[in-house]
Protein chains: 2
Amino acid sequence: MEIKTLCLGILALGDATGYEIKKLVAEGSFSFFSEASYGSIYPALSKLTKDCLVTCKAMAQEGRPDKKIYSLTDTGREALNHSLKRAPGPDKNRSEFLAAVLFAEAVAPERISDLIEERILEHKQKIHALGELLETDMTPGSKFVIEYGISMQRAALDHLVKNREDFEKHTMSGQNNETPARTTTAAH
Amino acid sequence: MEIKTLCLGILALGDATGYEIKKLVAEGSFSFFSEASYGSIYPALSKLTKDCLVTCKAMAQEGRPDKKIYSLTDTGREALNHSLKRAPGPDKNRSEFLAAVLFAEAVAPERISDLIEERILEHKQKIHALGELLETDMTPGSKFVIEYGISMQRAALDHLVKNREDFEKHTMSGQNNETPARTTTAAH
DNA sequence: GTGTACATGTAAAGTGTTACATGATTTC
DNA sequence: GAAATCATGTAACACTTTACATGTACAC
């Protein structure tokens, strides 16, 4: 999902400033399945304004840049509607953790236990954080989505707790720190 | 995780060509938590070779470009080890599906049911595909990681099956296709 | 004969992040 | 007095994808 569509969609939920969009994406209902920095949001909003998909009202403020409140136009709503008709692209899940687990197996198996330990803590923290979000954030959609996030975090946590011992046992026995199993050609 | 580190790690599991790395990332143990195209892999391998983190043996072939088999050097192994010492960055989960659900709530609630229906099918297919992978792919690490993927897919599937009815009921009653609830300022 | 698998590589275009620039106000 | 919150914006850089370029060989 490109940032422009993301902004368009967020504005369909209500008027907002660039700053507020950033907060939603960083801490709100969007936090666990999207990302965007100011450096991408502000240009996106400018472009959308230029293309007449949103309008912008500048509100003067003292000691601060004007607050710019963006609203979706009818054209913008149509455009969003149009892009919702196509099936959403597949999820993109990038996990340095999982990669680290696979790599550590070959290069530093003694690291795996710590890796999993820390991960478990992170999941617990995230479940807690999402739980708190649930208390503020209340449209059926955000509720559904945040609860989805909680389900996923719990599933990851459960998997780690249930399978770590078995996995660690396997990697311990094979302690091959400096000489990994080299198969003919990459038969992983 | 940048592509260079990804290549380095994959080569720690065994020698491979760029083509094989691409396949691993597209269909193998890495498929559900990383991504990379030829356009990023080949340049990455060149750079790694230039920096002496990997070496490259060209194998002549008939009617095809030389097959270039890359191997990790000791320096490369050290570099990988070094980067494994830092805690892995947080996962990046981008989901057009979840965004579409949130946006559809405001703009086209009648679309939600289809969206979820298709999603359920996709999860079932992915669970099946990962199950098949399990039968070929067998180091404890890949097994652990693929089973992790299956757990996550199952959790998503379960969540959708269990919560869709309740959620759809809520969005149906509020049928606000053309006039979404506009709060003062983005209180989603 | 059509499509897929094999096999590498480059260039242009797209998309995004990071760091910088600016500065008041409020909370600890 | 230090740090966070509010508020916008640009420029340089990083990274990646897409499309192109170039073929052979085998399966259906």
Side-chain angles (χ1 to χ4, degrees), chain A residues 1-8 11 15-28 30 33-51 54 56-70 83 89-90 92-94 96 99 184-187, chain B residues 1-8 15-28 30 33-51 54 56-70 89-90 92-94 96 99 184-187:
Chain A
M1 166 134 331
E2 337 156 33
I3 305 290
K4 270 188 293 184
T5 317
L6 186 67
C7 289
L8 219 51
L11 292 174
D15 296 351
T17 65
Y19 189 80
E20 287 166 335
I21 291 174
K22 165 71 179 173
K23 269 182 64 183
L24 262 174
V25 166
E27 310 156 24
F30 292 83
F33 64 89
S34 55
E35 240 180 327
S37 60
Y38 289 126
S40 59
I41 291 170
Y42 287 124
L45 289 171
S46 301
K47 185 87 199 311
L48 290 173
T49 307
K50 212 183 69 185
D51 295 347
V54 305
C56 169
K57 268 176 227 160
M59 308 287 277
Q61 292 192 127
E62 337 159 3
R64 275 177 216 179
D66 291 1
K67 186 188 262 191
K68 292 187 174 178
I69 301 172
Y70 290 91
S83 57
K92 287 176 187 173
N93 303 116
R94 297 185 175 211
E96 285 193 18
T184 348
T185 3
Chain B
M1 169 135 328
E2 340 155 30
I3 305 290
K4 271 188 292 184
T5 317
L6 187 67
C7 289
L8 219 50
D15 296 352
T17 65
Y19 190 80
E20 287 167 336
I21 289 175
K22 164 73 180 174
K23 269 181 65 183
L24 262 174
V25 166
E27 309 157 22
F30 293 83
F33 64 87
S34 54
E35 241 179 327
S37 60
Y38 289 126
S40 59
I41 292 170
Y42 287 124
L45 289 171
S46 301
K47 184 86 199 309
L48 290 173
T49 308
K50 213 184 67 186
D51 295 347
V54 305
C56 169
K57 268 176 225 158
M59 309 286 279
Q61 293 193 130
E62 336 158 1
R64 273 181 218 175
D66 290 1
K67 187 191 259 192
K68 294 188 174 177
I69 302 172
Y70 291 91
K92 286 176 188 174
N93 303 116
R94 295 184 176 213
E96 284 192 17
T184 349
T185 2

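To find a chain, count down the sequence lines: A is the first, B the second, and so on, and within it residues start at 1.
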message: Just so I know, are the side chains of A:Lys23 and A:Glu20 near enough to count as touching, which here means a heavy-atom distance under 4.5 Å?
response: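 Side-chain contact under 4.5 Å: no.
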Is the shortest side-chain heavy-atom distance between B:Tyr70 and B:Asp15 below 4.5 Å? no
Quickly work out the [X] [atom1] to [N] [atom2] distance and round it to whole Å.
X	N	atom1	atom2	answer
A:Arg64	D:dG9	CZ	P	15 Å
A:Asp66	C:dA24	CG	C1'	14 Å
A:Tyr70	D:dA7	OH	P	14 Å
A:Tyr42	D:dA11	OH	P	16 Å
B:Lys22	C:dA5	NZ	P	12 Å
B:Leu6	D:dA14	CG	P	20 Å
B:Tyr19	C:dT4	OH	C1'	9 Å
A:Ile69	D:dC6	CD1	C1'	14 Å

Can you measure from [atom1] ([X]) to [atom2] ([Y]) and round to the nearest 0.5 angstrom?
X	Y	atom1	atom2	value
B:Lys22	B:Ser40	NZ	OG	8.0 Å
A:Lys57	A:Thr17	NZ	OG1	13.5 Å
B:Arg94	A:Arg94	CZ	CZ	8.5 Å
B:Ile21	B:Leu45	CD1	CG	4.5 Å
A:Met59	A:Lys68	CE	NZ	13.5 Å

Over 60° means perpendicular and under 30° means parallel, so tell me whether B:Phe33 and B:Phe30 are parallel, tilted or perpendicular.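 B:Phe33 and B:Phe30: tilted rings.
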- Query: Is the phosphate of D:dA7, meaning OP1 or OP2, less than 4.0 Å from a side-chain N or O of A:Lys67?
  - Reply: yes
For C:dA7, take OP1 and OP2 only and decide whether either is under 4.0 Å from a side-chain N or O of B:Gln61.
yes
Comparing B:Lys23 with B:Pro43, nearest DNA chain C nucleotide closer to 5' gives the residue B:Lys23
field: Helix axis bend for the helix from C:dG1-D:dC28 to C:dC28-D:dG1 - C1'-based end axes, five pairs, 10° rounding
entry: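 Between the axes fitted at each end of the helix from C:dG1-D:dC28 to C:dC28-D:dG1 lies an angle of 50°.
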So, does B:Glu27 use its side chain to make a donor-acceptor pair with the main chain of B:Leu24 at under 3.5 Å? no
From the options D:dG9, C:dA5, D:dC6, select the nucleotide whose nearest atom is closest to the side chain of A:Lys68.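 Of all the options, the side chain of A:Lys68 is nearest to D:dG9.
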Per-nt protein contacts along nucleotides 14-20 of chain C (heavy atom under 4.0 Å; B base, S backbone sugar-phosphate only, - none) come out as -SSBB--
